[in-house]
Amino acid sequence: MTPTRPTGTQDLLPDSGRAPLNLRAQAFEHIRSVARHVLTHAGAARIETPMFEPTDLVQRGVGDGSDIVRKEMFSVSHAGSHGDAVLRPEGTAGVMRAYLQNGLSQRPSPVRLWTDGPMFRAERPQKGRLRQFHQVDYEVIGSAEPALDAEAVALMWDVITALGLTGARIRLGSVGAPRDREDYSAYLRDMLTPHAARLSPDSQARLERSPMRILDSKDSGDQALLTELAPRPLLERLGPDARAHFDQVCSLLRAWDMPFDIDPGIVRGLDYYTQTAWEVHHGGVGAKSALGGGGRYDGLAAALGGPPTPAVGWALGIERVLIAMDTEDLDVPLTGGPLLYVAALGPEHVALAGRAARLGRAVGACELAARPIKPSAALGHALRRGARVIGLVGDNEAERAEITLKELASGRQITIPITDLPGALEALA
Ligand code: HAM
């Protein structure tokens, strides 16, 4: 029987240009390189953190009340231990841990960081919802300035537009200061408790500890009750500091011509957010699915045991971005075939052909034929790979340490000393 991959995972295959973008390894590479360009030009430095973190860190970071911690963690066990670590469901808690543990607070503030990689959530798989998915992640740590929130939103938008997407929309809101949220939770609890019997079991369980999550319930009965009771959104009940912060973020985004809609009822799936929160949506991925999301998380460092450290950041889901790009008929650059395909015409010439390939790699991709072949077979292989030049080493060439090069498009052929190969390829590249 053919072996199969785990549910909710994908194989990313070498590019043929025909498969959907979200299954092409090259397309992932393209997103990373566009993100790297945008983010490093904004002063972000690369960081990499482990793919598993202590369970306790993720619980304290992402939040005990979140679906992720309650239902979606993959625990990692090994001989002699069980469940003391989980595969990271997101990047922010790990990046903040690394910032605290490695003294990055000593660096000039704010510290702008970016990373990307696989994240793991044991969700029910569907289109754009996987158990192993990939994020590009941007985090700015060490400052509470609203300009950094606005800049973070703008950078996320820059990545999206640099990829050519035109159908995405930013939804921006504020989840307020912790105090605002406590007041708002009490307001919701008072409003919903008399109707608790009409809530879904999930929402009933949330009524006491996280009533705000009920607003995001996918249950139609819950939604009907909310429509009926029409609670005022949190954005309309912010305290003066959170209100001023939010207004400042909005006015900067307007000054930078960023298109965005205000979402007064924004609820993010992670507990660490304070103040600004946003998501970017795209019709091609489905109404409930965001391409990415982010926000300010001024309380995370302290929740992890560090000194209070303000921060803001976002993550884009690479698979969802690629699904959106496919619906807009966008493509990514194909990596062409090699510059040079080199073949030995006899077993005694493999060493020289291999030397030629090694020299040529200083200039571009050079692929060496797996075994000695005839010139006609070498030509067939080179054409199938989309090579630009074929290089042959036979008896005549070997005698003088030469190689014969043939440019496939023009048919032009030259024989040159092997040592001249980089120069000759340079002229073509
Ligand atoms: P998040 O909203 O949970 O935020 O995830 C960000 C993005 O990751 C989502 O918008 C989506 O594109 C993608 N994503 C999430 N779950 C899945 C899944 N099961 N399958 C496919 N894609 C998925 C965070 O993770 C925060 N750490 C973002 C952040 C960074 N906030 C501050 N800094």
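This chain uses plain numbering: 1 for the first residue, then up along the sequence. We count ligands from 1, going down the list as the structure has it; atoms in each ligand are counted the same way.
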Exercise: identify the closest heavy-atom pair between Gln204 and Ala197: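 It is NE2-O, 3.7 Å.
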Can you check which of Trp278, Tyr273, Tyr272 brings a heavy atom nearest to atom 31 (N) of ligand 1?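 Heavy atom nearest to atom 31 (N) of ligand 1 belongs to Tyr273.
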Would you mind finding which of Gln132, Arg121, Arg296, Glu90 brings a heavy atom closest to atom 3 (O) of ligand 1? Arg121
Taking Pro89's backbone N and O only, do any of them form a donor-acceptor pair with Arg121's side chain (distance below 3.5 Å, no angle check)? yes
Taking Asn22 for its side chain and Glu319 for its backbone only, find out whether a donor-acceptor pair lies under 3.5 Å.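 Looks like no, no N/O pair under 3.5 Å.
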Any nitrogen or oxygen of [X] lying under 3.5 Å from a nitrogen or oxygen in ligand 1? Just yes or no.
X: Tyr138; answer: no
X: Leu270; answer: no
X: Leu130; answer: yes
X: Asp137; answer: no
X: Ala290; answer: yes
X: Gln135; answer: yes

Between Thr92 and Tyr272, is a side chain to side chain donor-acceptor pair (under 3.5 Å) present by the stated rule, with each step listed? CA-CA 10 Å; Thr92 311; Tyr272 48 59; 3.1 Å; yes
Determine the interplanar angle of the Trp314 and Tyr138 rings, folded into 0 to 90°, and report it as parallel if under 30°, tilted if 30 to 60°, perpendicular if over 60°.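 Aromatic pair Trp314/Tyr138 classed tilted.
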Could you establish whether Glu279 and ligand 1 come within less than 4.0 Å of each other, counting only heavy atoms on the residue side? no
With a 4.0 Å cut-off on heavy atoms, is Gly294 in contact with ligand 1?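 True for this residue.
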Could Arg131 and Phe120 be counted as a cation-pi pair, given that NZ or CZ must be under 6.0 Å from the ring centre and within 45° of the axis? no
Side chains of Phe260 and Arg171: closer than 4.5 Å at any heavy-atom pair?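 Phe260 does not reach Arg171 side chain to side chain.
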Answer whether the closest heavy-atom distance between the side chains of Thr115 and Thr49 falls below 4.5 Å. no
Considering only non-hydrogen protein atoms, determine which one is nearest to [atom] and report residue, atom name and distance to 0.1 Å.
atom: atom 19 (N) of ligand 1; result: Glu123 OE2, 2.5 Å
atom: atom 23 (C) of ligand 1; result: Phe133 CD1, 3.3 Å
atom: atom 4 (O) of ligand 1; result: Arg268 NH2, 3.1 Å
atom: atom 21 (C) of ligand 1; result: Gly128 O, 3.2 Å
atom: atom 13 (C) of ligand 1; result: Gly317 CA, 3.7 Å
atom: atom 30 (C) of ligand 1; result: Thr92 OG1, 2.9 Å

Proximity of [X] to ligand 1 by residue part, where a heavy atom lies under 4.0 Å:
X: Val280; result: neither
X: Glu139; result: side chain
X: Trp314; result: backbone
X: Glu319; result: neither

Is [X] salt-bridged to [Y], going by a charged N under 4.0 Å from an acidic O?
X: Arg206; Y: Asp222; answer: no
X: Arg46; Y: Asp116; answer: yes
X: Arg24; Y: Asp326; answer: no

